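Everything quoted here is computed from the prediction, not taken from an experiment. Both backbone and side-chain heavy atoms feed into the values below; hydrogens, waters and symmetry mates do not.
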Amino acid sequence: MSNADVEAGGPAGREATTGIKPPPGRYNPSGNGPNAVAPAPPSFYYYDQAAAQERHHRTWVVPLVVIANVAMFVVVMYYNNCPANGGRRDCVGRSFLRRLSFQPLRENPVLGPSAATLRKYGALDWYGVVHGNQAWRLETSTWLHAGLIHLAANMISLLIIGIRLEQQFGFCKPESVKSRKGKVGLVYLVSGFGGSVLSVLFISRNGITVGASGALFGLLGAMLSELITNWTIYSNRCAAMVNLIIIAAINLALGILPRVDNFAHIGGFATGFLLGFVLLIQPQFGWSEQVSSAKSKYNAFQIILLTLSVALLIAGFAAGLVSVFKGVDGNAHCSWCHYLTCVPTSSWKCDK
């Protein structure tokens, strides 16, 4: 939310780019004395200091996650080996991709491997999780993708969202290593897990689902909760909301294709939304850890949201995991919900 503006220069450029109105006294801990806080430093000072902090912080975890997802897709396609699967000649790209060629479009319309290959390498499989002692699939499925189109959509969205969050909250910012290290990474991983928990409750007993969409939607949820928490410092709040809606809509549209699960999107978004209030909480303006102050670090609104979020996360994961390992079928309580994850057409079928 605040990385691209470092090139804008002065305060006008920064506010025009990010829409963040700088709070007086937040970035300058030094005032008239060694232990004083300036009540309202000149605007250019904290603009430039914030920009300098962002220039010194280089993102590396989000690009690393993208590389890992792409590498995993290549490995899966290599072992999928469509041409060798019964000597098929209708593999997409067989002439130049050879063993990396994609399954026929009628089998996989998003240009990817077969369902059997995805299941073998860690796709979310109801029977494996519930009866096969394969709970690890709740996480490994978030590192697999149904096809090239699915992978590209998720990774582009991850780069757009994840880098901005990493630069704002950091995986390891030098000015606050202990408090900021791993926050966005934790949101990503836990949201992916949360999406898988909800997904396995509705997944068809013979079907599979894959994708990092649950983790991605977790970052979207975290961005939304961060926007709510810091609502007053954004001048272009509507623009930020529109960006979130567009990215969410793209991934939701992909969710109606085979082996791409919208329940993972919903579960991941809800998990990330709650985690944002817990992990991405920021001190209220006017508070400084470098000076003694009677002012509380967080306001009552933030503390209430944090408490409720922690309670909901604990209750949600507890109820979800218990339901999963009891083999509860969410579709038995919702006869139309399966259309949220796959819409059958003349070009492809949905797993029953």
Side-chain angles (χ1 to χ4, degrees), residues 69 72-73 76-77 80 103 107-132 134-155 157-158 188-218 220 248 250-272 320-321 323-325 327-332 334 336-345 348-352:
N69 276 276
M72 189 64 190
F73 181 75
V76 170
M77 290 305 305
N80 182 66
Q103 294 296 121
E107 181 179 342
N108 190 335
V110 293
L111 302 176
S114 66
T117 300
L118 289 172
R119 180 179 279 109
K120 178 180 179 181
Y121 287 96
L124 191 60
D125 174 22
W126 179 85
Y127 187 86
V129 172
V130 177
H131 300 294
Q134 298 174 359
W136 46 268
R137 289 181 181 271
L138 293 170
E139 188 62 39
T140 58
S141 61
T142 66
W143 297 89
L144 298 174
H145 286 83
L148 184 62
I149 298 175
H150 185 207
L151 174 70
N154 277 350
M155 294 304 101
S157 298
L158 176 58
Y188 182 87
L189 293 174
V190 177
S191 296
F193 183 83
S196 294
V197 170
L198 182 62
S199 176
V200 80
L201 291 174
F202 288 91
I203 190 175
S204 64
R205 296 305 182 248
N206 298 322
I208 61 171
T209 61
V210 296
S213 300
L216 172 62
F217 269 76
L220 286 173
I250 292 174
N251 284 276
L252 284 171
L254 287 172
I256 66 174
L257 296 172
R259 294 188 292 279
V260 183
D261 187 8
N262 271 348
F263 289 113
H265 298 172
I266 298 170
F269 186 90
T271 303
L321 289 173
S323 299
V324 165
F325 294 113
V328 174
D329 183 5
N331 292 298
C334 180
W336 55 268
C337 285
H338 62 279
Y339 288 114
L340 294 176
T341 189
C342 183
V343 177
T345 69
W348 66 77
K349 298 180 180 180
C350 295
D351 295 317
K352 300 296 184 183

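- In terms of modelled atom types and a separation under 3.5 Å, the side chain of Ser196 and the main chain of Gly192 share a donor-acceptor contact.
- Between the CG atom of Leu124 and the OG1 atom of Thr142 there is a distance of 10.0 Å, given to the nearest 0.5 Å.
- Here the side chains of Leu158 and Tyr188 are in contact, with some heavy-atom distance below 4.5 Å.
- Nearest heavy atom pair, residue Leu118 against residue Leu144, reads O-CD1, 3.8 Å.
- Separation of atoms CG (Asp329) and CZ (Arg205) is listed at 4.0 Å; rounding is to 0.5 Å.
- Tyr127 OH: 12 or fewer foreign heavy atoms inside a 6.0 Å radius.
- The heavy-atom pair separating Met77 from Gly112 by the smallest distance is SD-C, 3.8 Å.
- When every heavy atom of Ala146 is checked against every heavy atom of Pro113, the shortest pair comes out as O-CD, 3.5 Å.
- Listed by first then second residue, pairs satisfying salt bridge (Lys or Arg N to Asp or Glu O under 4.0 Å) with a partner in residues 108-123 read Arg119-Asp125, not counting sequence neighbours.
- Shown here for Tyr121 and Val76, the closest heavy-atom pair between the two residues is CB-CG2, 4.4 Å.
- With values rounded to the nearest 0.5 angstrom, Phe263 atom CZ is found 7.0 Å from Leu198 atom CG.
- If you take CG on Leu111 and CD1 on Ile149, they are separated by 4.5 Å, rounding to the nearest 0.5 Å.
- Separating the CG atom in Leu321 from the CG atom in Leu201 is a distance of 9.0 Å, to the nearest 0.5 Å.
- Listed by chain and residue number, nothing satisfies the side-chain hydrogen bond (donor to acceptor under 3.5 Å, both in side chains) test with Thr140 (two or more places apart in sequence, or in another chain).
- The two atoms that bring Leu220 and Phe269 nearest to each other are C-CE1, 4.0 Å, heavy atoms only.
- Using cut-offs of 30° and 60° for the angle between ring planes, the His265 and Phe217 rings count as parallel.
- For the pair Thr209 and Ser141, the minimum side-chain heavy-atom distance is 4.5 Å or more.
- Scored by the side chain to side chain contact (heavy atoms under 4.5 Å, CB included) test, Leu151 finds Asn69, Val70, Phe73, His145, Met155 as partners (sequence neighbours excluded).
- In terms of heavy-atom proximity, Val210 sits nearest to Ala123 at CG1-CB, 3.4 Å.
- Atom-to-atom distance recorded for Asn108:CG and Thr117:OG1 is 10.0 Å, nearest 0.5 angstrom.
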